[in-house]
Amino acid sequence: MNSDKGYFGPYGGRYVPEVLLRAIEEIEAAFYEALGDQAFQQELARLRHEFIGRPTPLLYAEHTSKLLGGADLFIKMEGLAHTGAHKINNAIGQALLAKRMGKKRIIAETGAGQHGLATAAACAKLGLPCTVYMGAVDVDRQQPNVATMELFGAQVVPVHSGSRTLKDAINEAFRDWAASFEDTFYIIGSALGPAPYPDMVRTFQSVVGREVQQQLAEFGREPDALVACVGGGSNAIGFFEPYLDQETPRLVGVEAGGRGPEAGNHAARMSGEGARTGIVHGYKSRFLLTEDGQVGQTHSISAGLDYPGIGPQLAALGRSGRLEFRRATDREALEALQFFARNEGVVFALESAHAGAAAINLVRSLPKGKTVVVNMSGRGDKDLFITAPLLRPREWKAFLQRELEVLQ
């Protein structure tokens with residue numbers, strides 16, 4: 001299911017400076033050519049199996065299902081993919097395409113760090129130099145991922161402009177690309193940006209949904225509802241992809257409710273007030289904008305969900321009613337993280353925990369015999385510097401003080 005000339009209904013398109021049009025058209029031609037190339041597909045399949053570790057498991061959450069007393073819950077364990085999240089599926093696909101095109105350098109942006117980490121790993125595997133732009137706020141709260149990106153050989157560039165988060169990292173990446181597109185490939189991590197990026201990201205991430213489809217069949221099940229968190233939308237669109245043109249199952253996207261519904265306290269573009277249609281970062285979609293049309297401030301406990309916009313295909317699916325949107329607050333996500341850790345032995349990433357919070361409510365509301373699948377798009381190792389101060393502040397402070405004394 002590809003976009004119609006870069007659009008999904010009223011959303012999408014390609015709004016970029018003239019200098020980048022040729023670079024994007026070159027990528028578009030190479031991408032669709034690669035899709036039809038058996039050698040490219042075989043190499044991608046090999047890397048998925050040997051490097052990423054696909055297929056990732058589908059876990060029947062038996063204890064949770066019994067505890068909640070409603071539908072049966074399954075967890076797609078995408079956090080068990082190499083580098084700890086779904087982001088590697090797209091990163092290895094785009095990096096392989098860049099190498100096929102003869103590009104000599106990779107740039108990327110990252111919020112929670114998982115896309116940057118995945119891109120750095122993919123570039124190390126394929127022998128490509130890599131620069132990752134990351135908001136200074138996110139650098140501070142995702143130090144484990146920053147350290148690992150650098151271990152893979154990537155240069156991590158903190159961005160100190162604007163709100164110093166993901167949207168500003170994207171701005172810097174576009175500036176770099178405009179000055180270096182002849183030999184540089186920009187790997188966008190979410191299902192957004194100028195066409196053909198939304199199509200590319202959905203295509204490379206669709207491996208998640210197609211595995212779920214096959215794995216559920218092995219359980220003798222059909223899904224009644226699929227639940228995924230939605231920032232830009234890469235995990236959601238890949239997870240939902242096999243079912244987009246069907247009337248069932250229910251597709252539920254969960255946005256960051258943050259601290260509450262007031263402007264600047266959340267990142268909910270589809271499930272509340274405050275969002276408007278706009279053109280940002282090269283595409284038209286729903287964005288949290290101020291009265292004068294500037295990109296508004298956002299907040300989420302999860303660095304990967306505080307982006308002010310949403311991928312154009314997801315916006316169109318929400319507008320048509322095929323995709324229903326909900327929001328989960330910071331507190332609800334943190335509670336869901338603890339719930340799944342204690343009852344299933346699985347630690348969700350904070351982004352994925354938003355989906356987990358909605359899945360808990362959905363399972364409770366549906367009768368026995370129904371099937372709900374939640375995408376654990378990443379695991380929570382990366383969030384230690386966020387969760388530990390909240391869940392065990394005294395012990396965490398003492399630990400940091402000891403470590404600082406050792407360093408000094």
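Scope of the values below: all heavy atoms of this structure, side chains included, with no hydrogens, waters or symmetry mates. Because the structure is a prediction, the values reported are computed rather than measured.
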Salt-bridge criterion met for Lys125 and Glu50 (N-O under 4.0 Å): no

Is a side-chain N or O of Ser300 found less than 3.5 angstrom from the main chain of Ser302, in a donor-acceptor match? yes

Please lay out, stage by stage, how Thr371 and Glu222 fare under the test side chain to side chain contact (heavy atoms under 4.5 Å, CB included). CA-CA 7 Å; Thr371 300; Glu222 288 287 340; over 6 Å; no

Parallel, tilted or perpendicular: which one describes the rings of Tyr307 and His281, with boundaries at 30° and 60°? parallel

Scan side-chain atoms only and decide if His299 and Asp330 contain a donor-acceptor pair under the 3.5 Å cut-off. yes

Sub-4.5 Å side-chain heavy-atom contact between Arg319 and Tyr11: yes

Heavy atoms of Thr298 and Ala267 approach each other most closely as CB-CB, 4.1 Å

With a 4.0 Å cut-off, would you call Glu211 and Arg48 a salt bridge? no

Output yes when Glu78 and Arg54 qualify as a salt bridge under the 4.0 Å nitrogen-oxygen rule, no when they do not. yes

Quick one, Asp176 with Ser180, criterion side-chain hydrogen bond (donor to acceptor under 3.5 Å, both in side chains). Give me CA distance, side-chain angles, the key distance, then yes/no. CA-CA 6 Å; Asp176 183 325; Ser180 63; 2.9 Å; yes

Is a side-chain N or O of Gln114 found less than 3.5 angstrom from the main chain of Thr83, in a donor-acceptor match? yes

Would you say the side chain of Cys130 lies within less than 4.5 Å of the side chain of Phe152, judging by non-hydrogen atoms? no

Please check if atom CD in Gln246 has more than 12 non-hydrogen atoms from other residues, nucleotides or ligands closer than 6.0 Å. yes

Ser352 side chain to Ser377 main-chain N or O, any donor-acceptor pair under 3.5 Å? yes

For the student: nearest non-hydrogen atoms of Gly232 and Leu192, plus distance: CA-CD2, 3.7 Å

With a 4.5 Å heavy-atom cut-off, do Leu117 and Lys87 have their side chains touching? no

With side chain to side chain contact (heavy atoms under 4.5 Å, CB included) as the criterion, how do Leu21 and Val16 come out once you've worked through the C-alpha distance, each side chain's angles and the decisive distance to 0.1 Å? CA-CA 7 Å; Leu21 272 178; Val16 295; 3.8 Å; yes

Output for pair (Leu226 CG, Tyr243 OH), nearest 0.5 Å, gives 6.0 Å

How far apart are the closest heavy atoms of Val201 and Gly189, and which atoms are they? CG1-O, 4.3 Å

Between CD1 of Ile92 and CG of Leu126, what distance do you get to the nearest 0.5 Å? 4.5 Å

Pair Asp140 + Arg164: basic N to acidic O under 4.0 Å: no

Any side-chain heavy atom of Gln313 sitting closer than 4.5 Å to one from Leu244? yes

Sub-4.5 Å side-chain heavy-atom contact between Cys229 and Asn235: yes

For Gln143, does the CD atom have more than 12 heavy-atom neighbours from other residues, nucleotides or ligands under 6.0 Å away? yes

Does NZ in Lys103 sit with more than 12 non-hydrogen atoms of other residues, nucleotides or ligands closer than 6.0 Å? yes

Ignoring hydrogens and angles, tell me if any N or O in the side chain of Arg379 forms a donor-acceptor pair with the backbone of Gly79 under 3.5 Å. yes

Flag for Lys284-Thr277: side-chain donor and acceptor within less than 3.5 Å: no

Between Tyr186 and Phe181, does the ring centre distance come in under 6.0 Å? no

Output field: ring centroids Tyr283/Tyr197 closer than 6.0 Å: no

Residue Gln38 excluded, over 12 heavy atoms near CD under 6.0 Å: no

Are the side chain of Thr119 and the backbone of Ala91 linked by a donor-acceptor contact shorter than 3.5 Å? no

Can you measure from CZ (Phe348) to CG (Asn375) and round to the nearest 0.5 angstrom? 9.0 Å

Donor-acceptor contact below 3.5 Å, side chain Glu255 vs main chain Met270: yes

Of all the heavy-atom pairs spanning Ala191 and Ile237, show the shortest one and how long it is. CB-CG2, 3.8 Å

Take Phe399 and Glu403, measure what side chain to side chain contact (heavy atoms under 4.5 Å, CB included) needs, and give me the verdict at the end. CA-CA 6 Å; Phe399 161 72; Glu403 290 300 301; 3.5 Å; yes

When you check the side-chain N and O atoms of Gln205 and Asn90, is any donor under 3.5 Å from an acceptor? no

Got a salt bridge between Lys99 and Glu43, using NZ or NE/NH1/NH2 to carboxylate O under 4.0 Å? no

How long is the gap from CG on Leu288 to CZ on Arg286, to the nearest 0.5 Å? 9.0 Å

Taking side chain as C-beta onward, heavy atoms only, is Phe174 less than 4.5 Å from Leu20? yes

Could you check if a side-chain atom of Val295 sits within less than 4.5 angstrom of a side-chain atom of Phe287, using non-hydrogen atoms only? no

To check you understand the geometry: which heavy-atom pair defines the closest contact between Leu362 and Ala225, and what is its length? CD2-CB, 3.6 Å

Carboxylate-amine/guanidinium contact Arg22 Glu25, below 4.0 Å: no

For the pair Lys76 (side chain) and Thr56 (backbone), establish whether a donor and an acceptor sit closer than 3.5 Å, ignoring hydrogens and angles. yes

Lys104/Glu182 under salt bridge (Lys or Arg N to Asp or Glu O under 4.0 Å): CA gap, chis, key distance, verdict: CA-CA 9 Å; Lys104 305 299 182 186; Glu182 292 286 354; over 6 Å; no

Give me the ring orientation class for Phe204 and Phe40: parallel if the planes are under 30° apart, tilted from 30 to 60°, perpendicular past 60°. tilted

So does Arg105 have more than 12 non-hydrogen atoms from other groups sitting under 6.0 Å from CZ? yes

Find the distance between CD1 (Ile310) and OG (Ser285) and round it off to the nearest 0.5 Å. 6.0 Å

Derivation of the side chain to side chain contact (heavy atoms under 4.5 Å, CB included) call for His354 and Ile301: CA-CA 10 Å; His354 286 70; Ile301 192 174; 4.0 Å; yes

Has the side chain of Thr387 got a donor or acceptor atom that lies under 3.5 Å from a matching backbone atom of Asp383? yes

Checking Arg141, Arg259, Arg269 against Asp306 for salt bridge (charged side-chain N to carboxylate O under 4.0 Å, His left out), the one that qualifies is Arg141

Rounded to the nearest 0.5 Å, how far does OG1 of Thr203 lie from CD of Gln94? 10.5 Å

Where is the tightest heavy-atom contact between Asp168 and Ser163, given as atom of each residue plus distance? OD2-OG, 2.8 Å

Main-chain N/O of Ala195 paired to Arg14 side chain as donor or acceptor, under 3.5 Å: yes

Looking only at atom types and distance, does a side-chain atom of Glu344 sit under 3.5 Å from a main-chain N or O of His63, one as donor and one as acceptor? yes

Does some side-chain heavy atom of Asp199 sit less than 4.5 Å from a side-chain heavy atom of Phe8? yes

Say whether Ser365 and Asn361, considering side chains only, have a donor N or O and an acceptor N or O under 3.5 Å apart. no

